[in-house]
Amino acid sequence: MNKSMNKLEDKLMPIANAISQNRYLVAIRDGFMTATPLLIIGAMFLLFSNFPIKGYSEFMTKVFGENWSIFFDRPFETTMPIMTIFVVLGISYNLAKHYELDGLSTAVIALVSFLVLTPFVTDFTPEGSKEIFKVGNVIPIEWMGSKGLFVGIITAILSTEIVRFVVKKGWVIRMPEGVPPSVSKSFSALIPAIITILLFDVVRLLFSITPFETIHNFIFKILQAPLTNLGGILGATLLANLLIGLLWSFGIHGRSIVGAIMDPIWLALSAENLAAYQAGKSLPHIITGQFQEIYLQLGGTGSTLALCIALILVCKSKRCKQIGKLSIVPGLFNINEPVVFGLPIVLNPIMLIPYIATPLVLCVISYFAISVGFVPRPNGILVPWTTPPVIGGFLMAGVRGSLLQIVELVVSFFIYLPFVKAVDKQYVKEEQLDA
């Protein structure tokens with residue numbers, strides 16, 4: 001077993017290190033983390049205007065009047081539907097800091113570059129009419145949300161690289177000493193901004209003479225839509241969770257590394273479900289970011305909350321019981337480092353088997369339960385990842401979402417049980433020897 005673990009480590013470690021140290025993937029990851037709090041806030045406000053309890057809307061209408069939901073809809077409308085703006089700013093800022101550039105000015109240049117690529121035209125259908133009209137001189141929300149996400153990521157990276165190239169060449173205006181730093185920074189950003197924006201305007205012009213008309217249409221049809229569809233299938237999610245578990249086996253934060261690639265795809269799927277949920281339409285996707293976080297990570301990666309319960313209820317060794325008691329409270333909020341490193345699970349061939357297998361089993365169970373209609377599809381609302389099990393399921397899919405999580409906890413418990421007993425037996429012997 002140890003030889004196999006060593007061979008696997010030799011193969012996985014170089015790949016994991018390459019991903020974790022890739023400046024673009026790190027910038028994308030940190031950029032999304034910058035945007036995530038705002039997206040969660042907006043999604044939670046939408047939840048308050050569409051709370052999954054029968055009679056809730058009628059009660060609120062009686063108390064606050066017909067337009068009560070506007071109060072909750074406005075924070076949502078200024079966050080989730082324009083998520084790409086936050087992502088562009090976050091990615092560019094973090095990549096600029098990696099290059100030791102001025103983060104704020106570089107991020108603003110990236111945002112302007114993204115807007116240059118965006119067509120200031122939107123479709124409008126008057127009430128009672130079926131004819132679609134093109135309305136100009138407006139910023140289309142369509143491309144500010146999930147549909148523009150990949151263009152935003154690409155623009156943030158390329159614009160920052162252009163700024164870096166210009167600054168490295170020394171093509172900046174340098175002010176004399178004594179000039180206030182804020183004034184000096186604004187002038188030093190002038191030439192990089194001009195060059196970057198001009199280049200992106202040329203790109204916009206070139207795409208305008210193609211059948212796609214805009215780079216947004218090109219990226220969405222050629223890249224984003226296929227990748228999103230791929231990320232929404234069961235096989236891709238199983239593979240992602242297998243890699244997450246394998247990386248954690250060696251103490252590498254697998255969720256962070258795999259998430260740098262999968263999170264933009266899962267977030268786009270969540271946003272599409274959320275848009276359909278808000279419009280009262282059928283939800284298009286089973287697998288979303290919430291499917292991953294709420295149904296496959298009960299207690300954290302590896303769904304270790306059931307493991308903590310087993311350590312307390314079943315084990316006889318003092319070590320196991322103590323680790324279970326220390327880990328159960330953080331586990332309720334999906335934080336599982338105490339049990340991962342305390343039991344340990346990392347580099348422990350016995351515990352790695354259920355740790356990797358449990359999310360895969362839960363993935364299949366959840367997918368089946370949703371696909372046959374036992375549980376509603378995820379509504380796209382970004383429930384915070386620290387939301388305790390049962391509560392998270394309720395916020396995402398009502399009572400049936402909570403019931404699914406309870407079933408998953410039971411299944412996880414019995415998957416971990418024989419392995420927990422084996423480790424406990426080993427620790428009991430060690431404690432007897434020490435005594």
Side-chain angles (χ1 to χ4, degrees), residues 21-36 38-39 82-120 139-174 182 184-208 210 212-220 222-224 227 260-261 263-265 267-268:
Q21 294 173 11
N22 185 281
R23 58 182 179 271
Y24 302 123
L25 291 178
V26 170
I28 291 171
R29 181 197 66 198
D30 294 344
F32 272 90
M33 292 305 296
T34 302
T36 296
L38 295 173
L39 302 183
I82 57 172
M83 68 167 72
T84 298
I85 292 176
F86 309 132
V87 170
V88 169
L89 291 171
I91 292 173
S92 181
Y93 180 87
N94 284 286
L95 187 57
K97 285 300 182 183
H98 174 81
Y99 291 137
E100 297 183 352
L101 300 171
D102 181 60
L104 182 58
S105 63
T106 306
V108 171
I109 292 169
L111 178 58
V112 174
S113 300
F114 172 73
L115 294 174
V116 166
L117 294 176
T118 303
F120 279 29
I139 298 178
I141 295 297
E142 174 188 14
W143 298 116
M144 299 296 108
S146 61
K147 285 187 71 175
L149 199 55
F150 277 51
V151 174
I153 293 171
I154 294 168
T155 302
I157 292 172
L158 290 181
S159 63
T160 305
E161 288 292 344
I162 294 170
V163 170
R164 177 198 178 203
F165 175 81
V166 174
V167 171
K168 194 175 180 181
K169 288 291 184 180
W171 301 342
V172 294
I173 298 174
R174 304 190 186 280
S182 58
S184 181
K185 281 185 178 181
S186 64
F187 274 92
S188 64
L190 189 58
I191 294 178
I194 291 171
I195 293 174
T196 305
I197 293 168
L198 278 174
L199 287 174
F200 277 93
D201 202 19
V202 170
V203 172
R204 178 198 61 79
L205 185 62
L206 292 174
F207 272 96
S208 69
T210 68
F212 292 100
E213 296 182 347
T214 69
I215 190 173
H216 282 279
N217 287 329
F218 174 76
I219 294 295
F220 186 78
I222 301 300
L223 180 63
Q224 183 168 341
L227 281 177
I261 299 169
D263 280 345
I265 296 172
L267 183 59

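This one's a predicted model, so the numbers in the text were calculated from it and none came from an experiment.
A side-chain hydrogen bond (donor to acceptor under 3.5 Å, both in side chains) check over residues 104-113, counting only residues at least two apart or in different chains, returns the pairs Asp102-Ser105. Pairs of residues two or more places apart, or lying in two chains, that qualify as ring-ring contact (aromatic ring centres under 6.0 Å, His included) and include a residue from residues 90-119 are Phe114-His216.
Side chain of Thr84 to main chain of Gly145: a donor-acceptor pair is present (N/O by atom type, distance under 3.5 Å, no hydrogens or angles). Between the side chain of Gln224 and the backbone N or O of Ala268 there is no donor-acceptor pair closer than 3.5 Å.
Not counting sequence neighbours, Asp30 has no partner by the salt bridge (charged side-chain N to carboxylate O under 4.0 Å, His left out) test. Applying the ring pair (Phe, Tyr, Trp, His ring centres under 6.0 Å) test to Phe218 and every residue at least two apart in sequence or in another chain returns Phe207, Phe212. Residues passing the salt bridge (charged side-chain N to carboxylate O under 4.0 Å, His left out) test with Glu142 are Lys147, sequence neighbours excluded.
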* Can Ile261 and Leu25 be said to form a side chain to side chain contact (heavy atoms under 4.5 Å, CB included), step by step? -> CA-CA 7 Å; Ile261 299 169; Leu25 291 178; 4.3 Å; yes
* Could you give me the CA-CA distance, side-chain angles and deciding distance for Val163 and Val167, then say whether side chain to side chain contact (heavy atoms under 4.5 Å, CB included) is met? => CA-CA 6 Å; Val163 170; Val167 171; 4.2 Å; yes
* Between Leu267 and Phe32, does a side chain to side chain contact (heavy atoms under 4.5 Å, CB included) hold up when you go through it step by step? -> CA-CA 10 Å; Leu267 183 59; Phe32 272 90; 3.2 Å; yes
* Dump the intermediate steps for side chain to side chain contact (heavy atoms under 4.5 Å, CB included) on Val172 and Ile191, then the final yes or no. => CA-CA 6 Å; Val172 294; Ile191 294 178; 5.6 Å; no
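Considering Thr160, Ile153, Leu95 in turn, Leu95 is the only one that fulfils the side chain to side chain contact (heavy atoms under 4.5 Å, CB included) rule with Tyr24.
For the pair Thr214 and Ser208, the minimum side-chain heavy-atom distance is 4.5 Å or more.
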Check: residues 193-205 side-chain donor-acceptor pairs under 3.5 Å, at least two apart:
residue, atom, partner, partner atom, Å
Thr196, OG1, Pro192, O, 2.7
Asp201, OD1, Arg204, NE, 2.7
Asp201, OD1, Arg204, NH2, 3.1

